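Data block below; observations after.
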Amino acid sequence: MYKRMVAALLAVLCLHATALAEDALVMQMTIGPDLPPTRLTITLQGEAEGEFGPVYQYRAELTEESGMLQTFEIESEQSLDPDMFISAIDLNFDGYLDLDVSYYLAAQNIVHRFYLWDMGQRRYVPAKLDNLEVAADIQLYPDGRLIERYTHDSAATGVTGLFQWGEGGALLPLRTVDTTQPTDEGTIRLLITDYPGGEPTVTRDEAIGFSQYVDMLQSGVIEALLWEGIQQ
């Protein structure tokens with residue numbers, strides 16, 4: 001996986017997470033600059049048998065000093081590890097912290113579940129974001145309202161996508177760089193697709209030698225192809 005520029009999040013938003021016990025996790029956070037400090041308590045309620053092991057059911061309680069704001073259910077195959085289970089990020093660049101829950105940690109990628117803060121309702125709302133749900137790496141670029149997602153496929157190949165928040169809260173694809181498609185032995189198929197008006201348009205499709213591909217990867221050429229002509 002090649003290097004990515006990490007954008008700084010808003011300094012006014014802070015997060016602290018502490019595992020209180022084996023079956024509970026507490027996060028103290030300020031969701032937004034105009035909101036009081038809140039406390040998110042996540043407690044294990046039970047488990048069921050899933051395809052790859054147990055699926056845990058958690059209860060999340062969001063409170064502030066004046067009382068309860070919200071309760072909601074979270075399902076995950078992960079235990080309550082404060083470093084891996086959940087993180088708070090401003091995913092849609094509206095100035096408020098959203099929640100990113102790790103549903104499943106695969107060998108190469110993480111399956112994510114997202115909850116976006118709805119200021120009108122003053123609560124977290126589950127968000128179905130197909131473009132981001134399976135990813136090895138997610139980077140945020142607030143200035144352009146852009147998200148870069150890398151999905152790992154093998155030791156050297158994967159799909160990198162660039163997405164932008166549009167009107168109505170839709171996360172729209174701008175470009176993908178795909179090196180996972182089958183091709184002749186000893187070569188890599190480089191497939192670049194743009195999405196003008198939401199419609200996929202292939203702009204580059206060629207087979208390149210594996211050593212040439214590694215050079216392009218290490219020198220940043222592949223990353224440059226993703227961002228070519230796009231304002232960060």
Side-chain angles (χ1 to χ4, degrees), residues 6 8-140 142 147 149 151 169 171:
V6 181
L9 296 179
L10 295 174
V12 294
L13 304 179
C14 61
L15 167 69
H16 174 69
T18 305
L20 292 184
E22 217 172 83
D23 61 350
L25 182 146
V26 173
M27 300 169 64
Q28 308 282 356
M29 59 182 175
T30 300
I31 296 173
D34 53 350
L35 294 173
T38 55
R39 175 186 178 102
L40 181 66
T41 304
I42 302 173
T43 308
L44 178 66
Q45 300 293 296
E47 64 180 75
E49 191 61 35
E51 184 179 356
F52 303 107
V55 177
Y56 301 106
Q57 285 85 41
Y58 298 101
R59 176 182 173 87
E61 296 182 349
L62 184 66
T63 59
E64 59 183 14
E65 189 175 353
S66 61
M68 182 76 70
L69 285 176
Q70 177 188 10
T71 64
F72 57 100
E73 305 302 316
I74 293 176
E75 198 172 73
S76 174
E77 296 189 22
Q78 304 306 308
S79 59
L80 288 176
D81 181 335
D83 297 321
M84 295 295 296
F85 181 79
I86 191 170
S87 59
I89 55 174
D90 184 8
L91 189 68
N92 56 359
F93 312 122
D94 64 353
Y96 299 94
L97 287 177
D98 308 301
L99 300 178
D100 176 3
V101 174
S102 296
Y103 178 82
Y104 177 70
L105 271 63
Q108 300 172 333
N109 299 298
I110 298 174
V111 178
H112 299 261
R113 295 290 184 267
F114 299 101
Y115 299 80
L116 301 183
W117 177 255
D118 186 318
M119 189 56 191
Q121 300 185 62
R122 282 176 60 85
R123 64 177 49 237
Y124 283 109
V125 177
K128 180 72 171 170
L129 300 175
D130 294 337
N131 291 325
L132 301 181
E133 283 195 351
V134 180
D137 187 36
I138 294 174
Q139 300 293 340
L140 307 179
I147 298 179
R149 180 224 66 211
T151 302
L171 186 61

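Throughout, numbering of the chain's residues begins at 1 and tracks the sequence. In this text, all values refer to a predicted model and were calculated from it rather than measured experimentally.
- In this structure, the side chains of Tyr115 and Ile86 stay at 4.5 Å or more apart for every pair of heavy atoms.
- One finds the CD atom of Glu75 at 12.5 Å from the OH atom of Tyr56 (value rounded to the nearest 0.5 Å).
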Run Leu91 and Leu132 through side chain to side chain contact (heavy atoms under 4.5 Å, CB included) and show every step you take. CA-CA 11 Å; Leu91 189 68; Leu132 301 181; 4.2 Å; yes
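- Two residues are said to be in side-chain contact when any heavy atoms from C-beta on lie closer than 4.5 Å; Val26 and Thr41 meet this criterion.
- A pairwise comparison of heavy atoms in Pro33 and Gly95 identifies CD-O, 3.4 Å as the closest pair.
- His112 places a side-chain heavy atom less than 4.5 Å from the side chain of Ile138.
- Minimum interatomic distance between Leu99 and Leu40 (heavy atoms only, all atoms of both residues): CD1-CD2, 3.9 Å.
- Atoms CD1 and CG, from Ile110 and Leu105 in turn, are 4.5 Å apart once rounded to the nearest 0.5 Å.
- Closest of all the heavy-atom pairs between Gln45 and Tyr58 is CG-C, 4.1 Å.
- Donor-acceptor pairing under 3.5 Å is recorded for the side chains of Ser66 and Glu64.
- Here the straight-line distance linking atom CG of Leu69 with atom CD1 of Ile31 works out to 7.0 Å at 0.5 Å rounding.
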Working note: Val134 + Tyr104, criterion side chain to side chain contact (heavy atoms under 4.5 Å, CB included); need CA distance, chi angles, decisive distance, verdict. CA-CA 9 Å; Val134 180; Tyr104 177 70; over 6 Å; no
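- Checked by atom type and distance alone, the side chain of Asn131 pairs as donor or acceptor with a backbone atom of Leu171 at under 3.5 Å.
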Dump the intermediate steps for side chain to side chain contact (heavy atoms under 4.5 Å, CB included) on Gln78 and Tyr103, then the final yes or no. CA-CA 6 Å; Gln78 304 306 308; Tyr103 178 82; over 6 Å; no
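- Using a distance-only test at 3.5 Å, with no hydrogens or angles considered, a donor-acceptor pair links the side chain of Gln57 to the main chain of Glu47.
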Can you list the steps and then say if Arg113 with Glu133 is a side chain to side chain contact (heavy atoms under 4.5 Å, CB included)? CA-CA 7 Å; Arg113 295 290 184 267; Glu133 283 195 351; 3.8 Å; yes
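- Nearest approach of Met68 to Leu62, heavy atoms of both residues: SD-O, 3.6 Å.
- Side-chain contact between Asp34 and Met119 is present, with at least one heavy-atom pair separated by less than 4.5 Å.
- Using bins of under 30°, 30° to 60° and over 60° for the plane-to-plane angle, the ring pair Trp117/Tyr124 lands in the perpendicular bin.
- Nearest approach of Leu44 to Leu80, heavy atoms of both residues: N-CD1, 4.4 Å.
- The CG atom of Asp98 lies 10.5 Å from the CG atom of Asp118; values are rounded to the nearest 0.5 Å.
- Across every non-hydrogen atom of Ile42 and Ile74, the tightest pair is CD1-CD1, 4.4 Å.
- The number of heavy-atom neighbours closer than 6.0 Å to CD of Glu73, taken from other residues, nucleotides and ligands shown, is above 12.
- For the pair Asp100 (side chain) and Phe114 (backbone), a donor-acceptor distance under 3.5 Å is absent.
- From Met29, atom CE reaches atom OG1 of Thr38 across 4.5 Å, with rounding to the nearest 0.5 Å.
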